[in-house]
Amino acid sequence: MSTPSNAERKTLDDAAEAANHAASKVAGKISSKLNEAASSASRFSDKLRSNGAALQEELTAAGERFGDGAKRLGAVTSDQIRTHPLAAVGIAVAVGYVAARLLRRR
C-alpha cells in the first residue's frame with residue numbers, strides 16, 4: 001500500500017473538515033429543535049396545570065350548589081310531609097305499587 005500524496009492528503013483533510021462542518025451544523029439544528037420541543041412541552045404542561053386547577057374549582061362549586069339544592073329539597077319535602085301526612089303516605093303507597101308492578105313484569 002502506498003502513502004497518499006500531498007494532494008490526496010489535502011483532499012482527504014478537506015473532505016474530513018467538510019464532514020465535521022456538516023455534522024456540527026446538523027447537531028446544532030437538532031439541538032435547536034429539541035430546545036423548541038422542550039419549551040413547547042413546558043408551556044403545554046403549564047396550561048394543563050392551570051386548566052386542571054380551574055376545572056377543580058368549577059367542580060367544587062358545582063358540588064356545593066348540588067349539595068345546597070339537595071338540602072333545600074329535603075327541607076321542602078320534610079315540611080310537606082309534616083303539613084300533609086296522609087297525602088304523603090298515599091303517594092308513597094302509590095309509588096310503591098307502581099314500582100312493584102313494573103319490576104314484576106321484567
Side-chain angles (χ1 to χ4, degrees):
M1 190 165 188
S2 66
T3 58
S5 68
N6 285 342
E8 291 172 333
R9 212 175 287 149
K10 173 82 169 119
T11 303
L12 288 174
D13 288 343
D14 289 346
E17 186 177 332
N20 283 337
H21 179 69
S24 294
K25 201 172 180 181
V26 168
K29 286 184 180 184
I30 288 173
S31 177
S32 172
K33 294 300 179 183
L34 284 175
N35 288 338
E36 286 178 27
S39 176
S40 292
S42 177
R43 285 192 308 271
F44 183 68
S45 175
D46 292 343
K47 195 172 193 177
L48 281 177
R49 276 192 207 102
S50 69
N51 287 346
L55 180 61
Q56 183 177 5
E57 290 173 8
E58 289 179 28
L59 288 175
T60 299
E64 289 173 0
R65 287 191 307 269
F66 180 76
D68 292 343
K71 286 178 186 176
R72 275 188 266 127
L73 178 63
V76 168
T77 303
S78 179
D79 289 344
Q80 288 296 320
I81 289 172
R82 283 190 191 102
T83 305
H84 308 287
L86 289 178
V89 169
I91 291 170
V93 168
V95 168
Y97 177 78
V98 170
R101 294 289 296 209
L102 289 174
L103 292 175
R104 191 178 310 152
R105 290 182 185 172
R106 294 181 183 196

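Computed over heavy atoms, backbone and side chain alike; hydrogens, waters and symmetry mates excluded. Quick caveat, the model's predicted, so the values are computed rather than measured.
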- Query: Backbone N or O of Q56 within a donor-acceptor pair of the T60 side chain at under 3.5 Å?
  - Reply: yes
- Heavy-atom pair of closest approach, residues S50 and K47: OG-O, 3.0 Å
- Check step by step if salt bridge (charged side-chain N to carboxylate O under 4.0 Å, His left out) holds for D46 and R49. CA-CA 5 Å; D46 292 343; R49 276 192 207 102; 3.1 Å; yes
- So, does S24 use its side chain to make a donor-acceptor pair with the main chain of N20 at under 3.5 Å? yes
- For the pair S32 (side chain) and G28 (backbone), establish whether a donor and an acceptor sit closer than 3.5 Å, ignoring hydrogens and angles. no
- Query: Hey, are the side chains of L55 and N51 touching, using non-hydrogen atoms and a 4.5 Å cut-off?
  - Reply: no
- Item | Linked, directly or transitively: V26 and L34 (ILVMFWY side chains, under 4.5 Å) | yes
- Message: Using a strict threshold of under 4.0 Å (side-chain N to carboxylate O), is an ion pair present between R72 and D68?
- Response: no
- Query: For the atom pair NE2 (H84) and CG (D79), what is the distance rounded to the nearest 0.5 Å?
  - Reply: 10.0 Å
- Query: Within the side chain of T11, is there an N or O that forms a donor-acceptor pair under 3.5 Å with the backbone of A7?
  - Reply: yes
- Verdict with reasoning, D14 to K10, per salt bridge (charged side-chain N to carboxylate O under 4.0 Å, His left out): CA-CA 6 Å; D14 289 346; K10 173 82 169 119; 3.2 Å; yes
